[in-house]
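Here is the naming used below: chain letters follow the sequence lines, and residue numbers restart at 1 for every chain.
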Amino acid sequence: MEKSGSVDSLGSKRTSSRQPSVDSLSSSSTSRSDRSAQVKPSSAMSSDSVSTSTEFSPELRVKPKPKALRDSVKEEPQLLPNEKVQDMAHDVTYVCPFTGAVRGSVTVTNYRLFFKCMDREPAFLLDLPLGVVSRVERIAAGSSRDVSYGLVCKDMRNLRFAHKQIEDTLRKSIFEVLMKFAFPVSNGLQIYAFEYTQVFPENGWKVYDPITEYKRQGIPNESWRITKVNDHYELCETYPSTLAVPVNIPDEELKRVAAFRAKGRIPVLSWIHPESQATVTRCSQPMVGVNGKRSKEDEKYLQAIMDANAQSHKLFIFDARPSVNAAANKMKGGGYESEDAYQNAELVFLDIHNIHVMRESLRKLKDVVYPNIEDSHWFSNLESTHWLEHIKLILAGALRIADKVESGKTSVVVHCSDGWDRTAQLTSLAMLMLDGYYRTIRGFEVLLEKEWLSFGHRFQLRIGHGDKNHTDADRSPVFIQFIDCVWQLTRQFPAAFEFNEYFLVTILDHLYSCLFGTFLCNSEQQRLKEEIPKRTVSLWSYINSQLEDFTNPLYVNYSNHVLFPVVSLRHLELWVGYYIRWNPRMRPQEPVHQRYKELLAKRAELRKRVDDLQREVTNRSASSSSEQPGSPTRSITPVQTFV
Amino acid sequence: MFSVKTPKPTFKCYLPPVQTDVRKAIEPPIKKLEPTLLPGEIVVNEVNFVRKCISAESTQDDLWGRLICTNFKVSFIPQDAPVKQKTPLSHRLLGEHDIPLTCLEQVVTVNDTKGKKKVLGLNKKLKFNPTELILYCKDLRIIRFCFDEAGPESAKKVCLAIAHYSHPADLLLLFGFEYQGRQYHESKGERVRGANPQGRSQTPIFDRSSDWDREIKRTSASEWRVCAINTDYTISSSLPEYIVVPVSLADQDLKQHAIYFMDNRIPLWCWSHPNGSALVRMASVCDPLQQKKIEQKIAAGITKSHPHRGEPIKLELDKNLPNIQDIQAAFIKIRQICVIDPFEESEERWLSSIENSRWLEHVRIVLKLSADVVFHLDGNNASVILQEEEDRDLNCVVSSLVQLMLDPHYRSRIGFQSLVQKEWVMAGHRFLDRCDHLNKSDKEESPVFMLFLDCVWQMMNQYPAAFEFSETYLTVLSDSMWIPLFSTFLFNSSKQRAQYLMDFAKSKAIPQGEDHVVYFPPIWNWSQQFSIKDLTLFNNPMYVGKGAACVQNGEVKTFKRTKKSYSSTLRATAGSLRNGVKNTEDALVPRRGSLVSELRPDFSPAKDESPSDRFFRDFFARPADQQGLLIPLFMPSHMALWKLFFLRWVSEACIPRGGPITAYHKLSQLVDEIDMLHNQLRQYKGPTPSSTPLPSPSEAPSDQRRMYFKASSAHDPSTLPDFLTSTFPFSPRGNLCRRSLHGTPISKFLNGAKIWLSTETLNDTV
């Protein structure tokens, strides 16, 4: 690793330069920040994270047991199954950007970094899954005898540690050890998810079954069939094995369509409207090239998609890209459908930028919010990152798709270049707006399994699990952006989603943690080859085993309720609970949900008391055998209401 | 004639408008449309065949009807019976299409074909026949009427009448005086018979010494007394007749000191902390030579009233806060961005535009200064003197915010209203000038009270369970400023009120000695404006409150608790609240011990930490006690735009079946159900069931429920009412018609083609 010594590489100039700076609140309170976002499933959870000094953690949950911690002499974290301590060091200083330096001990396992300071009252803990680490850098510490290491994390924070120069030249710094385990893929080691053997009551690998999901949508029907043409991933290796296609296109023709679509990603059904039969289909760009190549089969195929919906004689093709980018793709053999070739089709560009622009935007956002929030000109700074603008364009695109399908009763085809980034964002968001099922916890899991995992969003490449090559241009926060969009929807429709903010944060945390197998690999084929479902635990196993933590108490399941969000910066907000959660100053909003739960408890208590009294009255009146028409027994009924 | 173009996709939702068949047949109305008039209200002028624009995007929803100007309001009576749509929050004294004249900010007439435009003022002439009338309202609505089918002369006359009557020459000409005079005599019989026994509402007015006495008692401010030297306003013309002063200062001393203060304003006691520290507000001393001496004397008096003889801390608001012109300028800018600029245009640089308006910065700085005062009072055990040149603007804002943060009593609705009475109405905030009710001078106009309401909203946004009232209440309260029927927001001072009301009483033959609250009531009796059912929209279902009755106990208790906590660097786990897991006892145990002792000094965060920083850090580290001290976070990143207020008329920003109201809906239903269960329990606990038949719970009058949304029954699946939108209970429909998209947009004339506009037009651009 390069000993650049650049503090810059940490992306935290401010950390070093104005370290213990005190601007009123910002540096004052301790950090909720300094705990790993990660959650220890099951029993491990109790010891969690949570330095007791880290209030306001969004995901701090469940009984932190400060007493137990204080009493116990052992300094190791409670280890997960097959988690092994690799190294340990005392007298390490953690330079917290919010509370200043803390001296304590560091433990590195094959899963996590665990920092603990027992001198503080309450004990200060930091528990970080190594999967979160994007890079580790040794920072030249000038004349001082200290060696300093910076950990750049994928979850919007940087950590800095320092310890004394090691005299014994044979001994490695614990952070050199950490580097080995933080990047198992680069070092020929196993990702921890393959070692983790926790058993949960629920089996998350069973959440998604494509046949069941298509059946739920009413597929197969007279217009759509399930094909096994991709059973062995021969048609398209980044697609799932089960595909839904128009009935009248035989498998042989599908192959010819595949030849005309980038990476063989042919248009296939994502969602069908239960009444109008208008569909959302997804694919990659057509291989038009500079010469404007055409494919009769592809044209016929799109016509078939249109014909499958009797309600409309039009087909909308939504190209997620800006038109300039789409045109530029012709140079590389790609491009977009010409309206001449595809009759009755209307092409719309949605102006969503590519993965590189998004990566840059998130980097800028991190500069603005971490470690210190740029308070002077906060709004302008936020605006200059363009993050919310990108969110807006994605949501706007999804809204147009949803509206075409719902209000226009018209089928739509969605693609970008390869059809696994922007396309996944658009189809899944449109489906969330259109179909209340996806707004339940299980439905959302199905949506992710289907539109993202099975259709080959390249999680391994976009996140870079266990890979030390942090400058890889394939990395991009496409999925984070999608979850952000979902969060924006939950803000606009606080009662429309069964899951809460914590559910979304948990998904993002385990996107990186490498504890679960869910987000490993790039495609269904790879996952099958690696035997992910056999060898790892699904994130949904963990989540579905404790649903209550992830449930939005305000949820109301209104049937056939299509969400039309207002896609305007007036309503889009920065997701403080995720991007700025490390900063103790950004206290989460006072909990509406908490209050709601208190009220629910109150209702339960009152109901019980009423029931008890009612029983008493009934008994008494029975004994005196004087039934009265207006007796409470009857009048109570209307109040025994719904939940 | 206007033309109907094919609707274009507009910004809203990126969705094109619903395709509609071209033109709706225009049939000028035939039947006579009668306005609903209040007692004493007369029609001044009227014109028929007027088209009211309903949506900016198309004309198909436009209403045809009659436009009327009365001595109270501009009224539009649609010819077709309004489509049966549920309009929540209907005003008892104003129809859906009515605008009180005092609500008008600007009256603009336009001639489309000639490309002319003129802002009408008092006695302005109009040299062209208007084709359009645009009314810019003080509550941010923009209402447009078109005269394409109306008689040009009558249209012109109505426009001029509206302009004329919205610029009354004298306060007594405001319709409230006429109205309340009639009301008084008409309802007199009822009052005598005892039909309206309460007379005064529950909200103390602070126009009599007993109200102050009660407040002194409530806050245990035993070292303070009510002083009557300003009876009949003999000392100061802007102070109330009764004020509260340190017991150590005799009336004679006060009279001597008074002359040195601006408008003889003796410093006023506002509130006392349970620890004995007092909040005092004060004008500046006019004579610089005497300043030090006088201020010392006052300070000495306040010191003597402090239990530890602690010297008061003086904060000069003029130096630290924006002045009224800054506030007005910021409000104009943010209004421009939110409602006047075309939606899409302001969308482009929305965040930086909001920032550049500086409105949120002003809100923030006021909150921050108030939090500093809280620190002195609560963390520092020191009395605080707020000093402002006149003591009539920002002192009102800061003193009320400080009390809201410190005293949960003021977070109940009655408490909040008494706070407005005490710190605004009685302390002499110039509502008449700041609201510019007579549309006289822009110089004095400034939305200082709005700034306060926005600050309250920010607190509410951060502590949604701490206030008994809802944001709907705050919004309706802001609207009430523009309805001239009640006394609260009409006057510059208590003396002015007394004088005007005396003249008024004489002229209306109201007997001397009658309580002015009876013959010219304040707005606090909300049932005069809204139905009982609508008023339940003021209630916050999340409120964690104690009934008003036991406020005092609760308060004392919570204060004790918080005080104790400040003494240590308390740490407790608040995060666990987050996920709905209750705090375990463990987590709540306060821990002593220094955070910094073990740190290398150069890394210590507390190195430069001031006591107030530490105070705030400690406060924010603890879970908030909804019935205790509440300090809002006050960095720029904590400020939010009050969408219900600023965007309620903007249809493009209206989320169908979404917004915070959907959560409110669910919460209300739950609370309603809890209330019902409580009722049942109460009935069970009544007389023994065997002896008396129990009243059925269904007999309880349903309109007496606290919640607007009632618990639905098991048989009736819960549905989300269609009328629930993010702007509920307000509707953007017809309330924000910026510029014509049909015909030629006026803005195009003004931006692109100034050459051929007449000079008259150019000089009067909005």
Using a 4.5 angstrom heavy-atom cutoff, name the option from Ser352(B), Ser637(B), Ala663(B), Gly658(B) with the most pairs to chain A. Ser637(B)
Considering non-hydrogen atoms only, spot the tightest contact between [X] and [Y] and give its length.
X	Y	result
Pro636(B)	Asp375(A)	CD-OD1, 3.1 Å
Leu351(B)	Glu383(A)	N-OE2, 3.3 Å
Ile674(B)	Leu599(A)	CD1-O, 3.3 Å

Pairs meeting criterion salt bridge (Lys or Arg N to Asp or Glu O under 4.0 Å) with involvement of residues 554-564 of chain A, two or more places apart: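 The answer is none; no pair qualifies.
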Assess the side chains of Lys666(B) and Tyr596(A): does a donor N or O sit below 3.5 Å from an acceptor N or O? yes
If you measure only the distance, is there a donor-acceptor pair under 3.5 Å linking the side chains of Arg349(B) and Ser380(A)?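 No, Ser380(A) and Arg349(B) have no side-chain donor paired with an acceptor closer than 3.5 Å.
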Hits for side chain to side chain donor-acceptor pair (under 3.5 Å) against Asp672(B), two or more places apart or cross-chain, chain-then-number order -> Arg705(B)
Cation-pi check, Arg570(A) to Phe343(B): give yes when NZ or CZ is under 6.0 Å from the six-membered ring centre and within 45° of the ring axis, no otherwise. yes
So do Lys602(A) and His678(B) actually touch side chain to side chain, heavy atoms under 4.5 Å?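 Answer yes - side chains close enough.
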Examine whether an atom of Leu554(A) lies under 4.5 Å from a heavy atom of chain B, and if so say whether it belongs to the side chain, the backbone or both; otherwise answer neither.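 Leu554(A) touches chain B through backbone and side-chain heavy atoms alike.
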Please rank Glu389(A), Arg609(A), Glu605(A), His561(A) by heavy-atom pairs under 4.5 Å with chain B and give me the top one. His561(A)
